[in-house]
Amino acid sequence: MIVRSLRMSLRFILPLALVLGLFAYIVVPLLDNITLRWYVRDLDSRAELLAGTLRPSLAQYLPENDAQRIGELFQGATRDERLIAIGFCDNAGHLLYQSLEYPASIGCWSTPSTGGLYKSLAQLPQGQVHISETPVMQDTSQLGRLVLVQDMSFVERRNTDTKRFIFAFLAVLAVLISLMTVFVAHLSWRGWLSAVKDILRGELLSKNNPAVTTDAAPAAAPAPPPEMQPLIGDLRELLQEYHLERQGESGWSSDWTPDKLRALLEADLAGDQVLVVSNREPYIHTKTDAGITVQRPASGLVTAVEAVMRACSGTWIAHGAGSADRETVDKFDHVPVPPDKPSYTLRRVWLTEEEEQGYYYGFANEGMWPLCHIAHVRPVFRSSDWEQYVKVNQRFADAVIAEAKTDNPVVLVQDYHFALLPRMVRAALPKATIITFWHIPWPNSESFGICPWREEILDGLLGSTILGFHTPFHRKNFLETVDRYLETRIEPEASTIFYGGEMTQVEDYPISIAWPEDNPEQPDVAICRAQIRAELGLPFDHLLGIGVDRLDYTKGIVERFQAVERMLEQQPGMVGHFTFVQIAAPSRAALDEYQSFDARVRKMVERINRRFGSGAYLPIVLKAEHHGQDDLQRYFRASEVCMVTSLHDGMNLVAKEFIAARDDEMGVLVLSQFTGAARELHEALIINPYHIEQGADALYRALVMPPVEQRERMKSMRARVKHFNVYRWAGRMLLDAARLRQRDKVMTKIDAHSRIKRRKGL
Ligand code: ADQ
């Protein structure tokens, strides 16, 4: 540090010393020379003037040899302080008359035969003098020469004074210039700092580009200072590189595995604690006749996040909803999970019946769920539910704060149950990196406007550092909604929102599944086919379709059955040879909407089975119960076709699970165009589930699809799901979080640096 300061000082001092040396050795002698010449010229003219004044009197006194009057004349003239002495020399060079102080060493200086002024400088003991000789004439004859000796010591005095003045002037000028330079540098430094900060926040990069100024960013941002232009260019290039890198990450270049995710956490988020918050817990302990059993709930969120937590460790905070949950936790409400091979901690939060009713069933599932899924079920908003929602969000936020071991944990907030929590956590842990993932669709701004607490929901979500959606379409809807209802600045190119001095990065991160490892214990497809057909009492060549969902009105189960019915109508040859198995996990059964949906589904199955069934043959088999993962795998592997017909779905993991299960590269996926998965799985038979005939045609086409085509399609989809797995989903979010944390660290350093500089008065 000291060496650096010395080096910095030398950079300033050396040029200054050089300038002063030049001044002392070249400029000053030059100046002396010039001024001396000026003064000599002055003295010459003065000598002429004096001689001119004395000459008439001399011309009168000399012929009379009037020594007294000549003496008085000389003494009177030498009262002038500069004129030291006067002498008169005759034409033979004899000093005839002289004033009292006339220096003997001068004598008669010259005796030129011609007239005119002769002058010289001489160094006498009393200092430098100017000597001039001028002829004194009478008519045409020269009487002699008048010698004038003038003092030149004033020249030295004046030169010294002038030098002093110039040095003083230069010193003052230098101080003034230095002060002005420091002042201007300080202003530029501050401007530069804020511009760098803007760039780091991603502001100037797009501000600079008029193409990205949209209605969403109406505030005319100040143009970046011109000196920042090269830096902005570089940073834009870096950003582009980063985006390419990011695309590479989401491209085919490398596989994402649990190990790679772990390595990323260690390298880029070193030592940072990971906390997950979700409503649904990954493991539910239930009391049964056989004792306490543990189950993994049917939930896409749990499926995805659990795989990530196994890789990352940390703490998962969730609602303890199981009948034996309290009995299995320690005094901190912690339980290590997964039960067979614990790798992370589950922290349970207890809710009263009233809280669960208002927050979960009421606001989240009767309000937000139908609001975000355009599935023609009206959302219901009650003030009492909202109050519980706010209260429970705060309770979970408190749990996050209590579990945080540092002031900057990485908090992964899951889903629409916790829209307010990011802001609450941010208030207590301003340095936390909060990544919120919205697992369901985000509607257009008009539809979202129905929510009476829309501003509060948006404000809460913007407490996040990163906010993730499944698709670019949902992300765009969110940006437009924020633009419509909140006063923010949106940078569409960078996909960032600036609100209340904070920035939220909004991105699309399509979720996925953990690609299954080669499992030698997994039964062969042929065995699965035989087993399942035997369990269902069907012949070995019977065709099977499969649907696996939570029993939810958004999943298009009714439309799916209508498509099956239509296909059987159109293709009578399939009757008796095809069965559709629907595995439906009961969901939110406490809500009227779900109860009536359950009843509607059952009634429909009964009707279709009555219409096309005969004897033991049932065209639709409804298994409205939770199934274990192994069981689901067997069904996926045993079926010719899997139908995913959601009316609206964030992603839909069942589609990906079916593909992952088909290591024989056979089977056909019929997929709703309204799922996030349809954006990735182009080789599926994509349908509009509302168009029943289209669904029926696709189902039939799948059942009769030649094996070659099946294999081609399945192979391509399997490669895609394998590469775009859940570790990549989490990895991309965590990479972005690491980048933003790095940016914050740089900003903190810049702030600290400028604070120190301010304190030092620089
Ligand atoms: P979900 O609406 O729960 O998820 P989905 O993504 O299909 O929808 O996940 C359902 C999960 O539950 C799957 O893992 C499936 O295997 C499992 N499951 C379904 N029925 C089951 C049963 N009977 N028994 C056992 N398991 C069953 C929400 C969004 C989705 C988004 C996910 C993840 O609605 O759009 O894909 O979150 O973000």
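We're numbering straight along the sequence, starting at 1. In each ligand, atom 1 is the first atom listed, and ligand 1 is the first ligand listed.
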Is it true that R602 and E606 make a salt bridge, defined as a side-chain N closer than 4.0 Å to a carboxylate O?
no

Of the protein's non-hydrogen atoms, which lies at the shortest distance from atom 27 (C) of ligand 1, and what is that distance?
A298 CB, 3.3 Å

Which option, L551, D649, N652, V644, owns the non-hydrogen atom nearest atom 34 (O) of ligand 1?
D649

Atom indices of ligand 1, in the order listed, that fall short of 4.0 Å to a heavy atom of V654:
7 (O), 15 (C)

Which residue and atom name correspond to the protein heavy atom nearest atom 25 (C) of ligand 1, and how close is it?
H627 O, 3.0 Å

No-hydrogen, no-angle side-chain donor-acceptor test under 3.5 Å, H542 and T579:
yes

Protein contact of atom 10 (C) of ligand 1 - nearest heavy atom, named by residue and atom, plus distance:
G300 N, 3.5 Å

Taking only heavy atoms of V548 into account, list the atoms of ligand 1 that are under 4.0 Å away from them.
19 (C), 20 (N), 21 (C)

Going by the atom numbers of ligand 1, which of them fall below 4.0 Å from some non-hydrogen atom of H439?
29 (C), 30 (C), 31 (C), 33 (C), 35 (O), 37 (O), 38 (O)

Is the ring centre of Y594 less than 6.0 Å from the ring centre of Y553?
yes

Nearest-neighbour protein heavy atom for atom 5 (P) of ligand 1, which is reported as residue plus atom name and distance
L653 N, 3.6 Å

Which is it for A585 and ligand 1 at heavy atoms under 4.0 Å: side chain, backbone, both or neither?
both

Tell me, please: is A304 in heavy-atom contact with ligand 1, that is, under 4.0 Å?
no

With nothing but distance in play, are any N or O atoms of W369 less than 3.5 Å from an N or O of ligand 1?
no

Run the salt-bridge test on R634 and E535 with the 4.0 Å N-O cut-off and return the result as yes or no.
yes

With a cut-off of 4.0 Å, which atoms of ligand 1 are near a heavy atom of L632?
16 (O), 25 (C), 26 (N), 27 (C)

Quick one: does ligand 1 sit under 4.0 Å from the side chain of I511, the backbone, both or neither, non-hydrogen atoms only?
side chain

Taking non-hydrogen atoms only, is T303 closer than 4.0 angstrom to ligand 1 via side chain, backbone, both or neither?
side chain

Describe, in one word, how the ring planes of W369 and H373 are oriented to each other, choosing from parallel (under 30°), tilted (30 to 60°) and perpendicular (over 60°).
tilted

Which atoms from ligand 1 have a heavy atom of H470 less than 4.0 Å away?
31 (C), 38 (O)

Test ring-ring contact (aromatic ring centres under 6.0 Å, His included) on F381 and W386 and set out the steps.
CA-CA 8 Å; F381 290 110; W386 170 250; 9.0 Å; no

Kindly assign one of parallel, tilted or perpendicular to the pair F636 and F658, based on the angle between their ring planes and the thresholds 30° and 60°.
perpendicular

Have a look at ligand 1 and work out which part of T675, if any, has a heavy atom under 4.0 Å from it: side chain, backbone, both or neither.
neither

Would you call D508 and F473 a side-chain contact if the rule is heavy atoms closer than 4.5 Å?
no

As a check for students: among E657, K555, E625, identify the option with a heavy atom nearest to atom 15 (C) of ligand 1.
E657

Selection residues 294-309 - residue pairs positive for salt bridge (charged side-chain N to carboxylate O under 4.0 Å, His left out), sequence neighbours left out
R296-E306, E306-R310

With heavy-atom distances below 4.0 Å as the criterion, list the atoms of ligand 1 near G650.
35 (O)

S445 and E480: side chain donor to acceptor below 3.5 Å:
no

Is E565 paired with R607 through a side-chain N to carboxylate O contact shorter than 4.0 Å?
yes

Output the list of atoms in ligand 1 that are nearer than 4.0 Å to some heavy atom of I583, sorted by atom number.
23 (N)

